[in-house]
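Just so it is clear, the structure is predicted and the values come from calculations on it, not from any experiment.
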Amino acid sequence: IEQPTFPKITEMCVKMIRRVNDEEGIKKLVNETFQKLWFTPTPHHDKEAMTRKILNITDVVAACRDTGYDWFEQLLQNLLKSEEDASYKPVKKACTQLVDNLVEHILKYEESLSDSDNKGVNSGRLVACITTLFLFSKIRPQLMVKHAMTMQPYLTTKCSTQNDFMVICNVAKILELVVPLMEHPSETFLATIEEDLMKLIIKYGMTVVQHCVSCLGAVVNKVTQNYKFVWACFNRYYGALSKLKNQHQEDPNSTILTANKPALLRSLFTVGALCRHFDFDQEDFKGNSKVNIKDKVLELLMYFTKHSDEEVQTKAIIGLGFAFIQHPSLMFEQEVKTLYNSILSDKNCSVNLKIQVLKNLQTYLQEEDTRMQQADRDWKKVAKQEDLKEMGDISSGMSSSIMQLYLKQVLEAFFHNQSSVRHFALNVIALTLNQGLIHPVQCVPYLIAMGTDPEPSMRNKADQQLVEIDKKYAGFIHMKAVAGMKMSYQVQQAINTCPKDPVRGFRHDESSSALCSHLYSMIRGNRQHRRAFLISLLNLFDDTAKTEVNMLLYIADNLACFPYQTQEEPLFIMHHIDITLSVSGSNLLQSFKESMVKDKKKERKPSSDEETESDSNSGSGSESEEEASKPRRLRKRVDSDSDSDEENDINAVMKCLPENSAPLIEFANVSQGILLLLMLKQHLKNLCGFSDSKIQKYSPSESAKVYDKAINRKTGVHFHPKQTLDFLRSDMANSKITEEVKRSIVKQYLDFKLLMEHLDPDEEEEDG
């Protein structure tokens with residue numbers, strides 16, 4: 001393969017490999033393809049083929065730097081698992097070859113780094129090779145045991161670029177996995193690693209500190225037991241924090257504190273990171289001292305969460321998160337509950353602090369998951385000798401109790417306008433559900449709401465969770481569907497960047513698909529559930545439901561754009577719209593007419609009986625009102641155009657308006673729901689090309705097969721309820737009642753009356 005074709009091959013590999021978790025057929029194809037391409041042993045003499053393979057793998061790993069490496073781990077696990085019980089293990093052999101050759105390549109790149117022309121390219125290659133070795137170590141650390149001593153010197157890499165830091169972090173991660181597996185490593189080698197790691201912890205930033213403390217944890221706890229070395233480091237930073245706390249208590253505005261801010265930030269982070277990997281309350285560390293270290297650390301870190309500087313607060317919360325991984329029971333402390341829940345629920349609280357609290361919960365759950373998986377693997381090894389499963393259960397009981405404490409506030413974080421806050425909240429909920437720590441029913445409406453998020457990755461994750469819940473608990477989704485739709489409206493309200501624009505219920509792209517289309521597609525397969533869901537949505541339009549107008553618009557948008565498949569679905573909706581309209585619409589018109597007549601009685605307006613008698617005598621007001629109240633199609637023929645006709649109608653009704661304008665606004669508000677239903681019926685009729693007779697002949701009790709035909713959708717039919725949009729944009733519900741607003745409502749009343757007259761076109765003969 002010539003060099004120029006590499007980028008194309010890499011691109012193809014990246015696209016294919018991302019399908020490693022697809023349905024079984026595709027998964028099998030991906031596994032087979034990469035087994036042939038990468039994980040088949042190469043003849044020893046064919047160095048060129050081996051080099052091509054190494055370059056291809058490292059190119060693909062480098063290309064996935066930003067999207068993560070789950071696919072590689074999944075692929076490797078699938079392939080190694082498939083040959084677990086086989087006598088011949090080609091994948092294992094190929095992995096050994098690859099690891100040995102990757103180490104050789106690293107040494108080559110190291111030599112060529114002195115060649116300044118290729119420095120950038122080779123530095124990138126070096127990172128890709130070491131990252132690939134880490135991915136192998138994660139799945140099969142035994143492969144790297146013989147190369148551990150080769151990797152150790154890379155901890156002393158001089159750091160000047162981002163790539164240098166990545167080399168150090170990946171080498172630390174490799175040694176963390178590999179050193180505990182080495183048989184009788186030399187003391188010099190171990191002491192060198194400890195010293196190298198300590199220098200890095202003292203010198204560099206957060207990411208390096210985190211990985212180096214983690215590596216030190218594995219080396220000291222599992223191999224060297226050099227606790228004094230770690231205790232000295234802990235005391236250095238703990239002592240610095242105590243001193244800074246005392247200075248702050250004496251004088252919060254002291255200039256010394258400002259000068260010492262970098263030291264404060266480093267101490268907060270490092271004390272937390274050390275507490276994550278070492279239990280300093282063990283006798284090995286503190287000797288005979290009766291001091292409770294974890295409580296002292298909690299007190300110190302909590303003090304700095306109340307600091308006026310947000311950066312200090314954030315580092316203190318990061319430190320707390322680390323400490324809680326070693327001692328989860330601290331999360332039950334009242335001051336911790338108050339801190340976490342107030343940050344999550346306070347709308348004015350900084351976004352950074354919210355994200356950090358969510359990240360803390362996420363990291364805790366990820367660590368618990370890893371622990372449980374490890375306990376499960378250990379249990380399988382020793383099977384009946386010891387009930388290790390019990391240990392996993394105790395720890396998951398603790399996680400469950402912790403998540404019950406914070407669940408409500410985490411779910412409420414879905415209603416935040418910043419996508420990063422929603423992203424971490426969703427991660428926490430997904431981890432909580434996957435570990436079975438809470439009953440899923442309480443999360444269903446929130447997941448439905450997150451399924452409408454503008455970011456595809458988030459809505460796919462939420463939809464995936466719903467699919468998993470639906471598999472295990474049939475009927476849960478349907479049970480919470482309406483609550484979920486209402487909640488999705490709240491999410492859309494929260495992320496609406498332009499408050500003057502009404503929230504809409506469909507995507508503003510070529511598809512114009514309903515925001516809740518995934519929810520509908522999950523329910524539509526069950527006729528009974530689908531009908532109950534649609535009726536519940538239509539009931540919200542009833543004037544007694546008192547649903548706010550923008551939410552009705554949002555629901556109407558969804559009903560207009562749901563992915564209906566058979567004729568029965570829209571016909572059922574139209575049938576129920578007709579039932580609602582015939583009652584609610586008539587009631588609404590009647591109450592509007594009554595409000596006009598009632599108020600005029602005060603001015604000694606004739607009663608309706610007298611009115612009929614005096615029609616021929618009185619030539620003015622009552623006649624004009626009666627004329628305006630008649631159906632337009634039954635009115636006297638007037639030789640004037642329809643505009644002036646409409647103007648006369650408006651003037652006639654204007655004369656009869658009551659002085660109290662409350663009924664007017666009430667009518668304008670309540671009529672929106674009925675108007676939306678009228679518009680929705682018209683839209684579905686146009687979209688599906690149904691005739692009036694087909695709609696009227698439909699009966700919900702008919703056999704399902706009669707209306708099982710697929711819908712023939714018309715293209716370019718959009719749902720645009722202009723009157724409701726105008727009503728919301730002009731904020732008519734809160735407007736001051738001017739003559740103009742009155743005229744606008746009267747016009748709305750007359751339009752509404754006309755639409756109601758057209759509801760049953762066959763009842764009377766129409767004028768054209």
Donor-acceptor pairs are to be reported for all side-chain atoms of residues 402-416 against protein atoms at under 3.5 Å, with residues two or more places apart or in another chain.
unit_1	atom_1	unit_2	atom_2	d
Y406	OH	M331	O	2.7
E412	OE2	Y446	OH	2.9
H416	ND1	Q418	N	3.0

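- Applying the salt bridge (Lys or Arg N to Asp or Glu O under 4.0 Å) test to every pair with at least one member in residues 453-467, sequence neighbours left out, gives these pairs: R422-D453.
- In this structure, the side chain of N558 engages the main chain of L515 through a donor-acceptor pair within 3.5 Å.
- In this view, K486 satisfies the salt bridge (charged side-chain N to carboxylate O under 4.0 Å, His left out) rule with no residue, not counting sequence neighbours.
- Applying the salt bridge (Lys or Arg N to Asp or Glu O under 4.0 Å) rule to pairs touching residues 492-504 yields R504-D557, sequence neighbours excluded.
- Checking side-chain atoms of N460 against main-chain N and O of P456 turns up a donor-acceptor pair under 3.5 Å.
- In terms of the side-chain contact (heavy atoms from CB on, under 4.5 Å) criterion, residue partners of T547 (sequence neighbours excluded) are, by chain and number, L540, A545, M551, L552.
- Q77 and E73 share no donor-acceptor pair across their side chains, judged by distance under 3.5 Å alone.
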Criterion side-chain hydrogen bond (donor to acceptor under 3.5 Å, both in side chains) on Q442 and K480, from CA distance to verdict: CA-CA 9 Å; Q442 54 203 322; K480 294 288 181 184; over 6 Å; no
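- Side-chain contact between N496 and Q492 is absent, with no heavy atoms from C-beta onward closer than 4.5 Å.
- Using a distance-only test at 3.5 Å, with no hydrogens or angles considered, a donor-acceptor pair links the side chain of S582 to the main chain of I579.
- Residues P502 and L725 are in side-chain contact: their nearest non-hydrogen atoms beyond the backbone lie under 4.5 Å apart.
- Between the side chain of N434 and the backbone N or O of A430, at least one donor-acceptor pair lies under 3.5 Å.
- Distance alone, capped at 3.5 Å, is enough to place a donor-acceptor pair between the H683 side chain and the A560 backbone.
- Counting only N and O atoms by type, the side chains of Q356 and N360 include a donor and acceptor under 3.5 Å apart.
- In this structure, L571 and K694 have side chains that are in contact, with non-hydrogen atoms separated by less than 4.5 Å.
- With sequence neighbours excluded, the residues forming a salt bridge (charged side-chain N to carboxylate O under 4.0 Å, His left out) with K15 are E11, listed by chain and number.
- Contact of the L675 side chain with the F727 side chain is not registered, since no non-hydrogen atoms from C-beta on lie closer than 4.5 Å.
- Between the side chain of S400 and the backbone N or O of L437 there is at least one donor-acceptor pair closer than 3.5 Å.
- Within the 4.5 Å cutoff, the side chain of M398 has heavy atoms near those of the F332 side chain.
- Donor-acceptor pairing under 3.5 Å is lacking for the side chains of S671 and Y749.
- Between D346 and K354, no side-chain nitrogen of the basic residue sits less than 4.0 Å from a carboxylate oxygen of the acidic one, so the salt-bridge criterion is not met.
- Residue F562 holds its CZ atom at 12.0 Å from CZ of R524, rounded to the nearest 0.5 Å.
- Looking only at distances, no side-chain donor or acceptor of Y564 sits under 3.5 Å from a matching main-chain atom of A710.
- Here I495 contributes atom CD1 and S419 contributes atom OG; the two are 9.0 Å apart, rounded to the nearest 0.5 Å.
- By the 6.0 Å contact criterion, NZ on K714 is enclosed, its count of non-hydrogen atoms from other residues, nucleotides or ligands being greater than 12.
- Remark: side-chain polar atoms of R371 are not paired, donor with acceptor, to backbone N or O of Q366 under 3.5 angstrom.
- Put simply, the side chain of R531 reaches to within 4.5 Å of the side chain of E568, judged on heavy atoms.
- Taking the centre of each ring, F476 and H439 come in below the 6.0 Å mark.
- None of L553, I555, V503, T452 except one satisfies the side chain to side chain contact (heavy atoms under 4.5 Å, CB included) rule with Y489; the exception is V503.
- Ring to ring, H518 and Y520 are not that close: their centroids are 6.0 angstrom or more apart.
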E569 and R527: CA distance, side-chain angles, deciding distance, salt bridge (charged side-chain N to carboxylate O under 4.0 Å, His left out) verdict: CA-CA 9 Å; E569 297 163 59; R527 190 183 189 204; over 6 Å; no
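- When side chains are defined from C-beta on, M574 does not count as touching D578, because their heavy atoms never get closer than 4.5 Å.
- Checked against a 6.0 Å centroid threshold, the rings of F572 and H576 count as neighbours.
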